[in-house]
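Order of the sequence lines sets the chain letters (A, B, ...), proteins ahead of strands, with each chain counted from 1. Keep in mind that this is a model prediction, so the values were computed, not measured.
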Amino acid sequence: MKKSLHARANTLAASEAQLQLLENGIFQSGELPKFSEQLKHSGLAPLKKRQLEVLQINLGYMCNQVCAHCHVDAGPDRKEKMSKIHLERCLELIKVSKVGTVDLTGGAPEMHPDFQWFVREVAALGVQDIIVRSNLTILVANAHYASYPQFFAEQGVHVVSSLPFYKKEKTDRQRGEGVFSNSIEALKALNAVGYGQEGSGLQLDLVYNPAGAFLPAAQEQLEQDFKTSLATNYGIQFNQLFTITNLPISRFLEYLLASENYEDYMTTLVDAFNPAAVQNVMCTNTLSIDYQGYMYDCDFNQMLAIKVQSPVQHIDQFDPTTFAQHPIAISQHCYGCTAGAGSSCQGALVE
Amino acid sequence: MKKSYYQPEDLKKFKAITNWSPALGEKFFEYYNSVFAAGALSAREKSLIALAVSHVVQCPYCIDAYTQDGLQRGIEKAEMMEAVHVGAAIKGGATLVHGVQMMGLYDKLSM
């Protein structure tokens with residue numbers, strides 16, 4: 001199994017090195033406009049927060065997979081995880097802020113030792129939408145996780161699962177050998193407890209991201225292809241497909257540089273800049289929290305260590321009523337969320 | 001002057017042909033977009049036809065555009081290569097079928 005950038009002591013493991021790449025080169029020479037200039041030119045600067053609606057909590061970077069495109073640089077060799085104290089503080093925040101969506105991510109969030117306790121506590125607070133971003137394979141990794149689909153169903157969790165493609169070759173190339181067949185097994189287990197079944201109220205959404213240096217196609221069309229193929233070949237049902245653009249950071253950035261696609265990919269993102277997508281980018285209503293309790297405008301900023309542009313950067317002192325008072329921190333990776341139909345953790349942003 | 005007739009970046013400037021003849025250029029792009037919208041054929045099928053034709057007319061811009069379009073649509077490499085072979089077969093066949101003309105003329109003119 002491949003190792004994380006951190007385990008390989010790759011220079012890109014340092015967020016400063018990634019930011020330097022994104023700030024310099026074609027963006028410094030003026031060949032491509034910086035994201036801030038593009039916003040200004042489109043009359044959309046500064047990008048402002050609206051209302052806090054989504055609390056995205058990263059429980060830690062440990063994962064059973066080492067995906068080639070992972071923006072978290074997650075893997076079995078990453079041990080970072082949120083402490084119980086910070087989990088409890090997150091619960092207080094959820095209570096005070098009355099957010100409608102709590103989005104649990106990682107790594108594989110299920111691998112956090114307090115995962116089940118935390119989900120129960122969040123559910124007890126009456127949160128409308130509790131999202132667990134599952135890589136699927138963890139659900140069939142060993143006997144310990146076999147009961148998780150049932151647990152998800154009991155807590156009314158909204159499962160959002162990564163499945164880069166509905167065929168083996170592309171999925172395994174991006175996520176590792178055997179991932180596709182394990183993912184199919186996990187999807188069947190989720191279907192068996194009611195996920196994706198009409199009338200069950202148990203939402204199962206899939207996430208597609210391109211297996212390479214290109215943009216995703218229209219979400220609606222790909223969703224149809226996924227639905228037809230998974231139903232015909234495996235009898236699998238799901239609700240929605242979210243298309244997510246790969247952002248040029250972390251391991252995907254490593255791939256772009258190694259394959260000499262970086263400049264062309266950035267040009268593609270810049271050329272596809274869509275002002276309509278800017279209105280709905282997730283940083284306008286989301287607060288991302290890392291395993292140490294620090295706050296970011298999104299999960300990507302978290303991985304680049306760009307904290308919220310506020311005097312208060314930690315959940316310990318955070319007052320949710322101040323959410324919209326500070327500007328959103330941006331860099332060139334933001335082009336990933338505004339290209340074409342736009343991209344977010346909930347998929348495309350415009351039709 | 002650049003040393004190649006073809007410049008990859010020219011593909012992105014394609015829309016600029018409208019600058020020197022707005023009416024005709026705009027008509028072309030309107031027609032082009034209508035052609036590629038889903039109709040009796042799906043947009044996916046049209047993309048594969050476009051890829052095959054791109055090879056037949058040996059247009060590097062078109063090959064660039066429709067390889068990327070195919071990747072985005074989740075079209076697999078086996079499908080793309082079969083489309084290219086369809087183009088190659090038609091082009092090869094088109095060459096070869098003229099052989100019948102040659103044969104006919106040869107026979108007509110020969111004693």
Side-chain angles (χ1 to χ4, degrees), chain A residues 26 31-33 69 163-174 180 206-230 233 241 243-246 255 259-261 263-273 339-341 343 348 351, chain B residues 2 4 6-19 25-26 29-30 32-52 54-55 59-85:
Chain A
I26 39 178
E31 204 176 311
L32 292 176
H69 69 295
L163 189 71
F165 205 56
Y166 48 80
K167 289 195 175 172
K168 186 177 183 306
E169 188 202 341
K170 280 189 183 174
T171 302
D172 284 0
R173 202 167 352 120
Q174 183 178 99
F180 184 75
L206 298 184
V207 172
Y208 161 89
N209 61 288
F214 52 92
L215 298 178
Q219 186 164 277
E220 214 171 287
Q221 177 224 314
L222 270 175
E223 180 179 289
Q224 206 44 57
D225 293 346
F226 266 70
K227 283 197 165 165
T228 307
S229 178
L230 291 177
N233 298 320
L241 181 80
T243 55
I244 298 188
T245 302
N246 290 311
Y255 154 76
S259 60
E260 296 181 0
N261 278 312
E263 292 192 359
D264 284 344
Y265 188 70
M266 293 311 295
T267 307
T268 301
L269 293 183
V270 173
D271 286 348
F273 176 78
S343 177
E351 290 197 0
Chain B
K2 289 181 179 164
S4 167
Y6 288 117
Q7 308 299 330
E9 57 271 26
D10 283 355
L11 175 58
K12 295 192 175 77
K13 299 175 192 160
F14 188 16
K15 283 254 160 75
I17 60 132
T18 305
N19 296 349
E26 277 157 24
F29 284 115
E30 193 190 338
Y32 190 96
N33 290 332
S34 301
V35 164
F36 281 95
L41 293 175
S42 68
R44 192 180 195 280
E45 288 165 329
K46 289 180 182 184
S47 178
L48 277 167
I49 294 171
L51 183 71
S54 302
H55 283 77
C59 166
Y61 301 117
C62 315
I63 293 170
D64 184 339
Y66 285 96
T67 303
Q68 295 208 42
D69 187 70
L71 272 166
Q72 287 182 17
R73 290 179 189 282
I75 297 176
E76 293 187 79
K77 56 187 175 192
E79 297 174 282
M80 289 194 189
M81 188 52 90
E82 279 189 25
V84 172
H85 275 292

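Counting heavy atoms from C-beta on, the side chains of T267(A) and E9(B) never come closer than 4.5 Å.
For the atom pair NZ (K12(B)) and OG1 (T268(A)), the distance works out to 5.5 Å, reported to the nearest 0.5 Å.
Contacts of P210(A) with chain B are absent, with no heavy-atom separation under 4.5 Å from either backbone or side chain. Looking at L222(A), only its side chain comes within 4.5 Å of chain B, counting heavy atoms on both sides.
With sequence neighbours left out, K77(B) forms a salt bridge (charged side-chain N to carboxylate O under 4.0 Å, His left out) with E169(A).
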Sequence neighbours left out, cut at 3.5 Å: what donor-acceptor pairs do the side chains of residues 59-67 of chain B make with other protein atoms?
residue: Y61(B); atom: OH; partner: Q7(B); partner atom: N; Å: 3.4
residue: D64(B); atom: OD1; partner: Q68(B); partner atom: NE2; Å: 3.0
residue: Y66(B); atom: OH; partner: Y32(B); partner atom: OH; Å: 2.5
residue: T67(B); atom: OG1; partner: I63(B); partner atom: O; Å: 2.6

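In terms of heavy-atom proximity, Q72(B) sits nearest to Y208(A) at O-OH, 4.1 Å.
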